[in-house]
Amino acid sequence: MKIASFNINGIKARINALADWLDEAQPDVAVLQEIKSVDEAFPSEIFEDRGYNVATHGQKSFNGVAIIAKCPLEDIVRGLPGDDADEQARWIEATVTGDHGAIRVCGLYLPNGNPAPGPKYDYKLGWMARLEARARALLAEEMPALMAGDYNIIPQPEDAARPEAWAEDALFLPQSRAAFHRVLNLGFTEAFRARHAGPGHYSFWDYQAGAWQKNNGIRIDHILLTPQAADLMQDCRIDRDIRGREKPSDHVPIWVDLAV
DNA sequence: ATGACTTGGGTGCCAAGA
């Protein structure tokens, strides 16, 4: 089962690029971030025409996440637990079942947090504390599960072409990275790093200042696997070339192949 | 050191992104 994550930076602006990617990559499941659409306006037909079931958790203008799957989406939950006052649509999860069993799939769009320090950074750290709580509960289930999405975290210096440029940024501050590693160290496997070592692997390139042409990228889209899911991993890749296409998102897809 | 792109809506500019 191929499970992908893709921050599409606006569903309306990405319909053609997204349709092309779906036709080629053929993920069985995908979590999408930054749909920037309310649920009622989400163009589900481009997915349904290709045999996907769709669940969205959107809001007006900003954020918004979705999950699509060629199999049924069961037990859909919208919103990250822990703060009933949080109105930002950044979390969705559902259970999908393949030929060899079920897996819980969580899609997330972690807050950017800039400028730091400030209220946006406080929100990021608070959100990550809630993520840690949900992560602990997932591990306690002792079943195949994953948390995939735009984490807005550069885990290590090798995950940025120019780490010095990010020293004061909310994506790379020690406190941000520590919060990410606290979640990871609960017992998750970071799928990409379990299979690919070394620098030069990125999932985001800024639209500005020729970042793509200079390969000035960062790796901020991640897939975290529970031990039961990690045992099933067969592959994990970043679809880098997507960034060079017509009207691209500033992120590219990352995906895992699991023997589910 | 600074600039610069792209998106959606609060529209002909603005906030937000990372």
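Order of the sequence lines fixes the chain letters, A, B, ..., with proteins taken first and strands second; residue numbering starts at 1 for each chain.
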Atom [atom1] of [X] to atom [atom2] of [N]: distance rounded to whole Å?
X	N	atom1	atom2	answer
A/Asn216	B/dG3	CG	P	17 Å
A/Asn16	B/dT6	CG	C1'	16 Å
A/Tyr151	B/dA18	OH	C1'	18 Å
A/Leu110	B/dA18	CG	C1'	13 Å
A/Ile15	B/dG8	CD1	C1'	14 Å
A/Asp221	B/dG17	CG	P	15 Å
A/Asn112	B/dA18	CG	C1'	5 Å
A/Glu34	B/dA18	CD	C1'	10 Å

* Structure fact -> One should report the stems of DNA chain B, each a stretch of at least three consecutive Watson-Crick or G-U pairs at distances under 3.5 Å, as B:5-9 with B:13-17
Would you indicate what [X] reaches in the nucleic acid, counting non-hydrogen atoms under 4.0 angstrom: base, sugar-phosphate, or nothing?
X	result
A/Asn152	sugar-phosphate
A/Lys120	sugar-phosphate
A/Asp150	sugar-phosphate

* Would you check if there is a donor-acceptor pair between the side chains of A/Tyr52 and A/Ser44 at a distance under 3.5 Å? => no
* **Spatial distance of atom CG (A/Asp250) from atom CG (A/Asp150) [nearest 0.5 Å]** => 9.0 Å
* Output the distance between atom CZ (A/Arg50) and atom CD (A/Gln26), rounded to the nearest 0.5 Å. => 9.5 Å
* To do: Please figure out whether A/Asn63 or A/Gly210 has its closest DNA chain B nucleotide nearer the 5' end.
  => A/Gly210
Would you say [X] reaches [N]'s phosphate, i.e. side-chain N/O to OP1/OP2 under 4.0 Å?
X	N	value
A/Arg14	B/dT7	yes
A/Asn9	B/dT7	no
A/Asn7	B/dA18	yes
A/His251	B/dA18	yes
A/Tyr109	B/dA18	yes

* A/His100 atom NE2, over 12 foreign heavy atoms within 6.0 Å -> no
* Asked: Do the side chain of A/Asp169 and the base of B/dA18 come within less than 3.5 angstrom through a donor-acceptor pair of N or O atoms?
  -> no
Between [Y] and [X], does any NZ, NE, NH1 or NH2 come within less than 4.0 Å of an OD or OE carboxylate oxygen?
X	Y	answer
A/Arg245	A/Asp20	no
A/Arg193	A/Asp159	yes
A/Glu190	A/Arg219	yes

* Can you check whether A/Ile220's main-chain N or O pairs, donor with acceptor, with A/Ser203's side chain at less than 3.5 Å? -> yes
* Please check if the side chain of A/Arg90 supplies one atom and the backbone of A/Leu108 the other of a donor-acceptor pair under 3.5 Å. => no
Does one hydrophobic cluster hold both [X] and [Y], with members joined at side-chain heavy-atom distances below 4.5 Å?
X	Y	value
A/Ile35	A/Leu73	yes
A/Val65	A/Phe62	no
A/Phe42	A/Leu22	yes

* Residues within residues 171-183 of chain A bordering DNA chain B, heavy-atom distance below 4.0 Å -> A/Leu171
In whole Å, measure the gap between the [atom1] atoms of [N] and [M] for me.
N	M	atom1	result
B/dG8	B/dG3	C1'	24 Å
B/dT6	B/dA18	C1'	12 Å
B/dT11	B/dA16	C1'	16 Å
B/dG17	B/dG12	P	22 Å
B/dC5	B/dG10	P	26 Å

* **Parallel, tilted or perpendicular: ring planes of A/His201 versus A/His196, cut at 30 and 60 degrees** => tilted
Produce the list of close N/O pairs, under 3.5 Å, pairing protein atoms with atoms of nucleotides 9-14 of chain B; give distances to one decimal.
{"unit_1": "B/dG10", "atom_1": "OP1", "unit_2": "A/Lys60", "atom_2": "NZ", "d": "2.7"}

